[in-house]
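First the structure, in the form of structure tokens, and then the observations on it.
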Amino acid sequence: MADHAGDAEPKVESVMEKITEKLHGDDSSTSDSDDDKKSSNKVSTMEAIENKVYRILGREKPIHKVLGGGKPADIFLWRNKKISAGVLGFATAIWVFFELLEYHLLTLVCHVLILALAVLFLWSNASAFINKSPPKFPEAALPEDLVLGVAGALRIEVNRALAILRDIAAGKDLKKFLAVIAGLWFFSILGSCWNFLTLFYISFVLLHTVPLLYEKYEDKIDAFAEKAEAEIKKQYVVFNVKVLSKIPRGPLKDKKFL
């Protein structure tokens, strides 16, 4: 009996040692896994910071979302080549009629309606003479989602422009003020060279070409824009030191207006 008791005690001790070793092993494995997760999270955040690519105007969304998304963005980015080519061809035809052929809007509309009504009228009467049913003319209507998409994208851009003008009028950002003044001066020079329709057509063509080229060569254009922005900032610092800092500015609050 004493021998059996002596044999049981080391067995119990060995079992307890195995249990404690297993528990310590699990704790060490969980702590190691936690350390691995923390280190992996740190590495991923560091990689995200290092891999952050410069984008024009600090945008974080793709160019499709910047253009408003939906069908208007699909048209500008040539997702459907037939629709994009049709829209651009229609705008080109309008520009040719009004600029090269010197048509007026009312004259063009009247001539188009006269030609369309005459063709349809003769076609309908000719079908009666040849004992055939008159043709069924399709109903022409603009799709609602396309019109709403264009109007929504235009509304967003107009509201953004109004917000920028409000900030400039408040006198908060001198850089933005100078940039807008330079842009308006540039557009005033363009307006003196071309009329409104030509400028509108040029802008329409640019909307169908510039986003497509930017999406195709995005990395190269962003790298060039980063260098250009750095150079512009250097020149602005020089201009601020030599010119803007020498302009006397008095506090408006101390002045009393009668």
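The first residue of the sequence shown is numbered 1, and numbering continues consecutively from there. Computed over heavy atoms, backbone and side chain alike; hydrogens, waters and symmetry mates excluded. Given the structure is predicted, the values throughout are model-derived calculations rather than measurements.
Other cluster members for Val158: Leu154, Leu162, joined by side-chain heavy-atom distances under 4.5 Å among Ile, Leu, Val, Met, Phe, Trp and Tyr. Under a 4.5 Å side-chain heavy-atom cut-off, the cluster of Ile, Leu, Val, Met, Phe, Trp and Tyr residues that includes Ile189 is completed by Trp185. With side-chain heavy atoms closer than 4.5 Å counting as contact, directly or through intermediates, the hydrophobic cluster containing Leu115 also holds Val119.
Pro72 and Gly149 make their closest contact through CG-C, 3.5 Å (heavy atoms, listed as atom of the first residue, atom of the second, distance). Leu212 and Leu77 make their closest contact through CD1-O, 3.6 Å (heavy atoms, listed as atom of the first residue, atom of the second, distance). Among all heavy-atom pairs drawn from Phe98 and His104, the shortest one is CE2-C, 3.4 Å.
Listed by chain and residue number, nothing satisfies the side chain to side chain donor-acceptor pair (under 3.5 Å) test with Glu102 (two or more places apart in sequence, or in another chain). With sequence neighbours left out, Phe224 forms a side chain to side chain contact (heavy atoms under 4.5 Å, CB included) with no residue at all. Judged as a side chain to side chain contact (heavy atoms under 4.5 Å, CB included), and not counting sequence neighbours, the contacts of Phe187 are Leu190. Here Phe204 pairs with Val87, Leu88, Ala91, His208 under the side chain to side chain contact (heavy atoms under 4.5 Å, CB included) rule; sequence neighbours left out. With sequence neighbours excluded, no residue forms a ring-ring contact (aromatic ring centres under 6.0 Å, His included) with His64.
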Show your working on side chain to side chain contact (heavy atoms under 4.5 Å, CB included) between Asp222 and Tyr214 and close with a plain yes or no.
-> CA-CA 9 Å; Asp222 286 336; Tyr214 176 73; 2.7 Å; yes

Salt bridge (charged side-chain N to carboxylate O under 4.0 Å, His left out) between Glu231 and Lys227: does it pass, once the steps are laid out?
-> CA-CA 6 Å; Glu231 185 65 26; Lys227 295 179 182 178; over 6 Å; no

Can you list the steps and then say if Leu184 with Val180 is a side chain to side chain contact (heavy atoms under 4.5 Å, CB included)?
-> CA-CA 6 Å; Leu184 292 175; Val180 171; 4.0 Å; yes

Derivation of the side chain to side chain contact (heavy atoms under 4.5 Å, CB included) call for Ile75 and Leu146 | CA-CA 10 Å; Ile75 292 174; Leu146 178 60; 4.0 Å; yes

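Within the structure, the salt bridge (charged side-chain N to carboxylate O under 4.0 Å, His left out) test picks out the following pairs touching residues 142-152 (sequence neighbours left out): Lys71-Asp145. For residues 199-216, the salt bridge (charged side-chain N to carboxylate O under 4.0 Å, His left out) pairs, not counting sequence neighbours, are Arg79-Glu215. Sorted by first then second residue, the salt bridge (charged side-chain N to carboxylate O under 4.0 Å, His left out) pairs that include residues 91-100, not counting sequence neighbours, number zero. Applying the salt bridge (charged side-chain N to carboxylate O under 4.0 Å, His left out) test to pairs two or more places apart or on separate chains, those with a residue in residues 155-171 are Glu157-Arg160.
Cluster annotation: Tyr217 and Phe76 are assigned to the same hydrophobic cluster (Ile/Leu/Val/Met/Phe/Trp/Tyr, side-chain heavy-atom contacts under 4.5 Å, transitive). In this structure, Leu148 is not a member of the same hydrophobic cluster as Val150, with clusters built from ILVMFWY side-chain heavy atoms closer than 4.5 Å. Under the 4.5 Å side-chain heavy-atom criterion for ILVMFWY residues, a single connected hydrophobic cluster contains both Ile181 and Tyr236. Cluster membership for Phe200 and Val96, using ILVMFWY side-chain heavy atoms within less than 4.5 angstrom, is not shared. Cluster annotation: Leu106 and Phe97 are assigned to distinct hydrophobic clusters (Ile/Leu/Val/Met/Phe/Trp/Tyr, side-chain heavy-atom contacts under 4.5 Å, transitive).
Note that the CG atom of Leu207 and the OG atom of Ser84 stand 12.0 Å from one another [nearest 0.5 Å]. Taken to the nearest 0.5 Å, the CD1 atom of Ile94 stands 6.0 Å off from the CG atom of Leu108. Note: Leu206 CG to Leu213 CG = 10.0 Å, rounded to the nearest 0.5 Å.
Here the rule is ring pair (Phe, Tyr, Trp, His ring centres under 6.0 Å) with Tyr201, and of Phe196, Phe90, Trp95 only Trp95 fits it.
No donor-acceptor pair under 3.5 Å is formed between the side chain of Thr107 and the backbone N or O of Tyr103.
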